Amino acid sequence: MQYKIPRGTFDILPSESHRWQKVISTFRETALSFGYEEIVTPIFEQVELFERSSGESSDIIQKEMYRFQDKKERWLALRPEGTAPVVRSYLENHMEAGARINKLYYIGPMFRYDRPQAGRYRQFYQYGAECIGSHHPFYDAEIISLQTTFLNRLGLKDIKLEINSVGCPNCSKDYDKALIDYFSPHIEELCPDCQNRLKTKPRRLLDCKVPHCKSIAGKAPSMLDYLDAECRKHFEQVQDYLKLMNIPYDINPRIVRGLDYYTHTAFEFLNPALGAQNAISGGGRYDGLFNQIGGKDIPAVGIAGGFERLLLSLETEMIDLGGKAKPDAYLVLVGEEARKKGTKLLADMRQSGFSVIYDPEKESFKAQLKAADNQSARYALIIGEDEIARGIVTVKNLQTGEQQEIDADEVSELV
RNA sequence: GUGGAUGUAGUUCAAUUGGCAGAGCACCGGAUUGUGGUUCCGGGUGUUGUGGGUUCGAGUCCCAUCUUCCACCCCA
């Protein structure tokens with residue numbers, strides 16, 4: 001084998017693709033039933049869009065983004081995430097003028113240069129939904145509800161929802177300061193990563209897995225104590241809605257979203273069975289992003305999820321997504337006359353919407369029937385010398401083994 | 001980017017101290033030339049990830065490289 005698939009990418013083969021289709025169509029149906037409409041944006045964008053939205057210091061920008069120059073030496077990037085392009089498109093197409101609220105969903109590949117692992121790829125497929133134009137806590141809950149409904153429709157059970165509020169820029173500032181005050185006396189004891197985090201993103205300290213850091217972080221001040229009155233109220237209202245919608249959740253004050261632009265609600269859906277890469281989806285409110293990109297003050301809340309991890313979860317829970325489509329009929333043709341008549345029948349039946357399979361390279365009667373069985377066809381349509389002579393087609397039900405002879409013209413009606 | 005494992009047939013796995021690369025499943029063909037699934041018979045389908053090295057001889061030992069996996073980092 002001379003050529004190999006690039007590292008961190010994968011083919012979706014026919015044996016898998018029907019599972020993907022099932023999950024994707026379930027997401028589409030769910031989003032649609034919540035009033036979300038699809039938006040499709042390009043796979044690459046100007047580099048600056050992501051630098052501006054994700055924050056230049058973020059890992060995504062620093063080490064994970066695929067950048068390249070085109071022939072006019074414009075710097076472009078394969079999109080590492082879906083929200084910024086949606087926001088770009090929203091602003092560019094003046095969608096705020098068309099409707100007060102825009103509810104959008106997207107599906108497609110994202111790209112991050114990262115070390116591959118189970119459930120983590122360099123080209124991976126995400127779905128996402130964004131509700132743009134309202135600050136109302138109902139929509140925070142609706143976005144979460146969209147995800148739980150989606151998971152329920154797929155039949156997934158072992159998924160946890162954790163929510164948090166990261167506050168607004170105001171209380172956020174106070175909190176970061178409190179964290180720095182708290183951790184600074186311990187700086188010598190912290191792991192090198194955490195010493196670094198203290199300078200760049202204090203909140204990341206709360207997440208560290210090194211036992212000693214963990215024990216120090218255990219007594220650190222909680223974000224929830226630093227929320228101002230308005231943020232607190234918003235967070236409570238989101239929870240009220242979740243309760244009304246019958247959605248179970250845990251509050252986890254340690255949730256930190258990776259990207260800079262989040263405000264208020266932040267949440268994650270986790271599957272504890274998945275190992276290290278256990279976040280199925282995550283999201284939150286990003287009232288600050290529009291300002292960051294386009295200078296307009298537009299509130300929004302959204303979610304993004306990964307299909308790979310979803311499919312892994314479905315596998316560990318052994319949930320059957322239904323097999324691949326089975327053909328209605330397989331043509332078994334023996335003899336030259338039968339081949340002619342059968343080919344015509346094949347074309348007619350396909351024209352009227354049936355799925356019919358025929359393979360001229362299988363010549364023996366037995367080989368054709370075997371193939372019909374192999375492909376799980378519902379019926380075998382048999383035409384041989386006998387049928388030709390009598391102007392009929394033998395129809396065999398491959399499940400029951402029952403067989404009947406019918407008039408050549410009436411085949412379509414029976415199947 | 002850091003640390004640690006891994007790789008043999010389509011697939012799951014064998015192969016003794018270095019001594020002719022094998023088995024189940026799958027696949028293909030056949031079992032009175034018109035009846036599939038079950039059964040029986042036959043067939044191994046391979047650059048042992050790749051490239052070097054040691055050796056009379058390497059799947060096995062050494063070096064490099066790639067892939068995948070585990071953890072970190074990060075996140076979907």
Side-chain angles (χ1 to χ4, degrees), chain A residues 1-10 13 15 54 57-65 79-83 107-128 147 191-194 196-197 201 204 207-210 213 255-259 268-271 274-283 302-313 330 332-335 338 361-389 394-403 405:
Chain A
M1 179 89 68
Q2 197 170 9
Y3 296 109
K4 292 210 284 191
I5 194 167
R7 180 166 202 213
T9 65
F10 55 92
L13 302 174
S15 57
S54 300
S57 65
S58 70
D59 273 29
I60 290 183
I61 303 307
Q62 285 295 310
K63 61 172 197 186
E64 295 177 4
M65 199 158 67
R79 61 183 183 195
E81 56 103 19
T83 299
I107 290 170
M110 305 293 163
F111 306 83
R112 291 183 202 169
Y113 187 91
D114 203 344
R115 184 101 151 216
Q117 214 172 311
R120 188 169 75 184
Y121 303 92
R122 289 183 174 178
Q123 173 170 341
F124 57 103
Y125 295 83
Q126 277 195 339
Y127 58 92
Q147 172 73 359
C191 70
D193 277 339
C194 279
N196 205 21
R197 287 173 179 134
K201 277 191 189 164
R204 285 253 171 256
D207 254 353
C208 187
K209 285 165 190 164
V210 177
C213 298
I255 289 184
V256 185
R257 300 301 307 153
L259 305 174
E268 282 178 0
F269 285 82
L270 307 171
N271 181 350
L274 284 192
Q277 311 303 328
N278 65 358
I280 299 276
S281 65
I303 184 172
F307 284 115
E308 294 82 8
R309 294 177 190 180
L310 211 49
L311 285 159
L312 279 175
S313 305
Y330 193 100
V332 177
L333 308 178
V334 181
E361 293 187 302
K362 295 218 182 290
E363 294 189 14
S364 79
F365 191 89
K366 177 178 283 198
Q368 294 186 63
L369 259 187
K370 202 168 184 172
D373 184 55
N374 244 329
Q375 306 215 7
S376 319
R378 287 164 54 218
Y379 294 95
L381 304 185
I382 302 167
I383 306 177
E385 284 167 31
D386 195 28
E387 284 81 359
I388 291 291
T394 299
V395 177
K396 176 166 188 164
N397 183 322
L398 290 169
Q399 299 241 309
T400 62
E402 263 168 50
Q403 204 161 296
E405 300 175 346

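Note that the structure is predicted; figures quoted are calculated from it, not measured. Here is how names work: the chains are called A, B, and so on, in the same order as the sequence lines, proteins then strands, and each is numbered from 1.
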Base, sugar-phosphate or nothing for A/Arg122? Non-hydrogen atoms, less than 4.0 Å. nothing
Closest nucleotide of RNA chain B for A/Phe124 versus for A/Pro116: which of these residues is on the 5' side? A/Pro116
Shortest non-hydrogen separation from A/Ala377 to A/Leu398 and the atoms involved: O-CD1, 3.3 Å
If we take the P atom in both B/A76 and B/U39, what is their distance in whole Å? 50 Å
Just call it for A/Ala118: base, sugar-phosphate, or nothing, with non-hydrogen atoms closer than 4.0 Å on any strand. sugar-phosphate
Note: A/Arg120-A/Asp114 ion pair, threshold 4.0 Å (strictly below): yes
N/O (side chain, A/Arg115) to phosphate O (OP1/OP2, B/C69) under 4.0 Å: no
Quickly work out the A/Lys370 NZ to B/A26 P distance and round it to whole Å. 11 Å
Quick one: A/Leu312 CG to B/C75 P, roughly how many Å, whole number? 20 Å
For B/A26 versus B/G10, give the span between their C1' atoms, rounded off to a whole number of Å. 7 Å
Distance test, side-chain N/O of A/Asn374 to OP1/OP2 of B/C27, below 4.0 Å: yes
Search all heavy atoms of A/Gly401 against all heavy atoms of A/Lys396 and return the closest pair with its distance. O-CE, 3.8 Å
Here the distance between atom P of B/U33 and atom CD of A/Gln368, to the nearest Å, is 16 Å
May I ask you to say what A/Tyr127 touches in the nucleic acid, namely base, sugar-phosphate or nothing, with a heavy-atom cut-off under 4.0 Å? nothing
Kindly say whether, by distance alone, the side chain of A/Gln403 makes a donor-acceptor pair under 3.5 Å with the base of B/U35? yes
Criterion side-chain contact (heavy atoms from CB on, under 4.5 Å) on A/Arg112 and A/Phe124, from CA distance to verdict: CA-CA 8 Å; A/Arg112 291 183 202 169; A/Phe124 57 103; 3.7 Å; yes
Output the rounded distance in Å from OH (A/Tyr379) to P (B/G37). 20 Å
Distance, P atom - from B/G7 to B/U16, rounded to whole angstrom: 14 Å
Spacing of A/Tyr125 atom OH relative to B/A76 atom P, expressed in whole Å: 18 Å
Can you name the closest pair of heavy atoms from A/Glu268 and A/Val256 and give their distance? OE2-O, 4.4 Å
Strand partner of B/C75, provided both Watson-Crick or wobble distances fall under 3.5 Å: none
First of A/Phe269 and A/Gly8 reached from the 5' end of RNA chain B, by closest nucleotide: A/Gly8
Output the rounded distance in Å from NZ (A/Lys366) to P (B/U35). 8 Å
Take atom CG of A/Asn397 and atom C1' of B/U35, then tell me their distance rounded to the nearest Å. 14 Å
Report yes or no: is there a donor-acceptor pair, N or O only, under 3.5 Å between the side chain of A/Arg204 and the base of B/C74? no
Looking at the base of B/G36, is there any donor atom on it, or on the side chain of A/Gln399, that sits under 3.5 Å from an acceptor on the other one? no
Can you tell me how the ring of A/Tyr125 sits relative to the ring of A/Phe10, calling it parallel under 30°, perpendicular over 60° and tilted otherwise? perpendicular
When the C1' atoms of B/C69 and B/U6 are considered, how many whole Å apart are they? 7 Å
Minimum-distance nucleotide (side-chain atoms of A/Glu387 versus B/C73, B/G34, B/G36): B/G34
If you go through the side-chain atoms of A/Arg309, does one of them form a donor-acceptor pair with the base of B/C75 closer than 3.5 Å? yes
Gap in Å between the two P atoms, one belonging to B/G49 and one to B/U68, rounded: 16 Å
Any A/Arg120 side-chain nitrogen or oxygen under 4.0 Å from OP1 or OP2 of B/A76: no
Rounded to whole angstrom, note down the P distance from B/U55 over to B/U17. 23 Å
How long is the line joining CG of A/Asp114 and P of B/G1, in whole Å? 10 Å
Please determine, for the side chain of A/Lys396, which listed nucleotide (B/C73, B/A76, B/U35) has the closest atom? B/U35
Paired nucleotide for B/G19 [Watson-Crick or G-U wobble; both distances under 3.5 Å]: B/C56
Mind checking A/Ile382 for me? I need base, sugar-phosphate or nothing, with any heavy atom below 4.0 Å counting as a touch. base
How far does the C1' atom of B/C20 sit from the matching atom of B/G24, given to the nearest Å? 23 Å
Worked check of side-chain contact (heavy atoms from CB on, under 4.5 Å) between A/Leu312 and A/Leu274: CA-CA 8 Å; A/Leu312 279 175; A/Leu274 284 192; 3.9 Å; yes
Which value, in whole Å, describes the distance between the C1' atoms of nucleotides B/G57 and B/G18? 8 Å
Using a heavy-atom cut-off of 4.0 Å across all strands, would you classify A/Glu385 as base, sugar-phosphate, or nothing? base
Nearest listed nucleotide, side chain of A/Arg7, among B/U67, B/A76, B/C70: B/U67
Do the side chain of A/Arg112 and the base of B/C75 come within less than 3.5 angstrom through a donor-acceptor pair of N or O atoms? no
cation_pi(A/Arg122, A/Tyr113) dist<6.0 Å, angle<=45: yes
Contact class for A/Gly283 vs. all strands (heavy atom < 4.0 Å): base, sugar-phosphate, or nothing? nothing
Phosphate OP1/OP2 of B/C73 contacted by A/Lys209 side-chain N/O (<4.0 Å): yes
Could you tell me the Watson-Crick or G-U partner of B/U68, where both distances fall under 3.5 Å? Say none if there is no partner. B/A5
May I ask which nucleotide in the shown strands pairs with B/U38, Watson-Crick or G-U wobble, both distances under 3.5 Å? none
Residue pair A/Glu387 / A/Ile382: nearest heavy atoms and the distance that separates them: CG-O, 3.5 Å
Between B/A76 and A/Phe307, is there a base-stacking contact, meaning the centre of the base's six-membered ring lies under 5.5 Å from the residue's ring centre while the planes stay under 30° apart? no
